[in-house]
Amino acid sequence: QVQLIESGGGLVQAGGSLRLSCVASGQAASRYAKGWFRQTPGKERECVAAINWSGTSTYYADYVKGRFTISRDNAKNTVYLQMNSLQPEDTAVYYCAADPYWNSPPSANKYDSWGQGTQVTVSS
């Protein structure tokens with residue numbers, strides 16, 4: 001397992017942008033696939049974007065395609081989620097997660113390491 005720490009959440013107006021960061025530590029942390037999931041009260045955690053260890057494969061949920069971009073810098077053990085054109089329905093707690101293997105589409109039950117989450121709130 002790896003340890004994950006997210007940052008970058010906050011309050012933004014509709015149409016605005018945020019960039020989330022997730023720093024990983026632990027043995028071979030850079031070799032893990034990484035995903036960004038989000039969850040709202042009463043709903044299951046869903047994957048919005050994921051990236052394999054080398055950055056050559058990515059996954060996006062349909063509702064974020066063209067607005068969100070996932071990337072990683074393995075030299076810094078960091079994965080990013082650039083979120084543009086944010087809408088109120090994007091309001092959620094966003095979690096960074098790590099999976100030793102790449103699966104697409106990603107499934108939360110395959111990811112064995114999770115960050116503590118960061119709140120993103122988009123006002124209308």
Side-chain angles (χ1 to χ4, degrees):
Q1 289 190 341
V2 300
Q3 293 75 48
L4 304 166
I5 299 178
E6 305 103 330
S7 62
L11 174 64
V12 63
Q13 289 188 333
S17 298
L18 284 173
R19 188 176 82 156
L20 305 183
S21 299
C22 173
V23 179
S25 60
Q27 189 173 7
S30 64
R31 303 286 294 189
Y32 279 59
K34 301 290 181 6
W36 285 99
F37 292 74
R38 71 186 188 187
Q39 189 170 27
T40 55
K43 293 190 176 181
E44 291 189 357
R45 198 167 292 187
E46 57 186 9
C47 184
V48 297
I51 189 167
N52 71 340
W53 77 271
S54 63
T56 55
S57 295
T58 56
Y59 164 87
Y60 293 96
D62 286 343
Y63 49 82
V64 305
K65 285 180 180 177
R67 300 190 299 127
F68 291 11
T69 302
I70 190 170
S71 61
R72 65 190 298 161
D73 183 342
N74 285 340
K76 297 180 179 180
N77 279 340
T78 302
V79 62
Y80 305 97
L81 185 67
Q82 178 67 44
M83 304 186 294
N84 299 329
S85 301
L86 283 162
Q87 299 301 316
E89 52 266 34
D90 294 316
T91 295
V93 177
Y94 284 71
Y95 296 89
C96 177
D99 183 349
Y101 307 102
W102 170 246
N103 294 284
S104 184
S107 175
N109 61 11
K110 298 288 188 181
Y111 283 72
D112 61 4
S113 301
W114 292 85
Q116 80 286 354
T118 185
Q119 177 70 47
V120 171
T121 302
V122 185
S123 63
S124 57

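Values reported hereafter were calculated over all heavy atoms of this structure, with side chains retained and with hydrogens, waters and symmetry mates removed.
Residues passing the side-chain hydrogen bond (donor to acceptor under 3.5 Å, both in side chains) test with K43, sequence neighbours excluded: none. In this view, D90 and R38, R67 satisfy the salt bridge (charged side-chain N to carboxylate O under 4.0 Å, His left out) rule, not counting sequence neighbours.
Atom CD of Q116 has more than 12 heavy atoms from other residues, nucleotides or ligands within 6.0 Å. Atom CD1 of I5 is surrounded by 12 or fewer heavy atoms from other residues, nucleotides or ligands within 6.0 Å.
Apart from Y95 itself, the hydrophobic cluster it occupies contains F37, V93, Y111, W114, where clustering links Ile, Leu, Val, Met, Phe, Trp and Tyr at side-chain heavy-atom distances under 4.5 Å. Using a 4.5 Å cut-off between side-chain heavy atoms of Ile, Leu, Val, Met, Phe, Trp and Tyr, L4 falls into a hydrophobic cluster with V2, Y32.
A donor-acceptor pair is defined here as one N or O able to donate and one able to accept, closer than 3.5 Å; no such pair exists between the side chain of N103 and the backbone of P106. Not one N or O on the side chain of T56 forms a donor-acceptor pair closer than 3.5 Å with the backbone of S54.
Interatomic distance, NZ of K110 versus SG of C47, reported as 14.0 Å (0.5 Å rounding). Here the straight-line distance linking atom OG1 of T69 with atom CE of M83 works out to 11.0 Å at 0.5 Å rounding. Rounded to the nearest 0.5 Å, atoms CZ (R72) and OG (S21) are 13.5 Å apart. Summarising the geometry, atom CD1 belonging to I51 is positioned 12.0 Å from atom OG belonging to S104; distances are rounded to the nearest 0.5 Å. Rounding to the nearest 0.5 angstrom, the gap separating the CZ atom in R31 from the CG atom in N52 is 10.5 Å.
When side chains are defined from C-beta on, T91 does not count as touching T40, because their heavy atoms never get closer than 4.5 Å.
Between A14 and Q87 the shortest heavy-atom distance is CB-OE1, 4.4 Å. Between K34 and A29, the closest heavy-atom pair is NZ-O, 2.9 Å. A92 approaches Q119 most closely through the heavy-atom pair O-NE2, 3.4 Å. The two atoms that bring A49 and L81 nearest to each other are CB-CD1, 4.0 Å, heavy atoms only. Nearest heavy-atom pair across G9 and V120 is CA-CG2, 4.1 Å. Minimum heavy-atom separation, N77 to S30: OD1-CB, 3.3 Å.
Within the structure, the ring-ring contact (aromatic ring centres under 6.0 Å, His included) test picks out no pair touching residues 47-71 (sequence neighbours left out). The list of disulfide (SG to SG under 2.5 Å) pairs with a residue in residues 49-96, not counting sequence neighbours, reads C22-C96.
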Take V122 and E89, measure what side-chain contact (heavy atoms from CB on, under 4.5 Å) needs, and give me the verdict at the end. CA-CA 8 Å; V122 185; E89 52 266 34; over 6 Å; no

Apply side-chain contact (heavy atoms from CB on, under 4.5 Å) to E6 and L20, showing your working.
CA-CA 7 Å; E6 305 103 330; L20 305 183; over 6 Å; no

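Hydrophobic clustering of Ile, Leu, Val, Met, Phe, Trp and Tyr side chains at less than 4.5 Å, counting indirect connections, keeps Y80 apart from V12.
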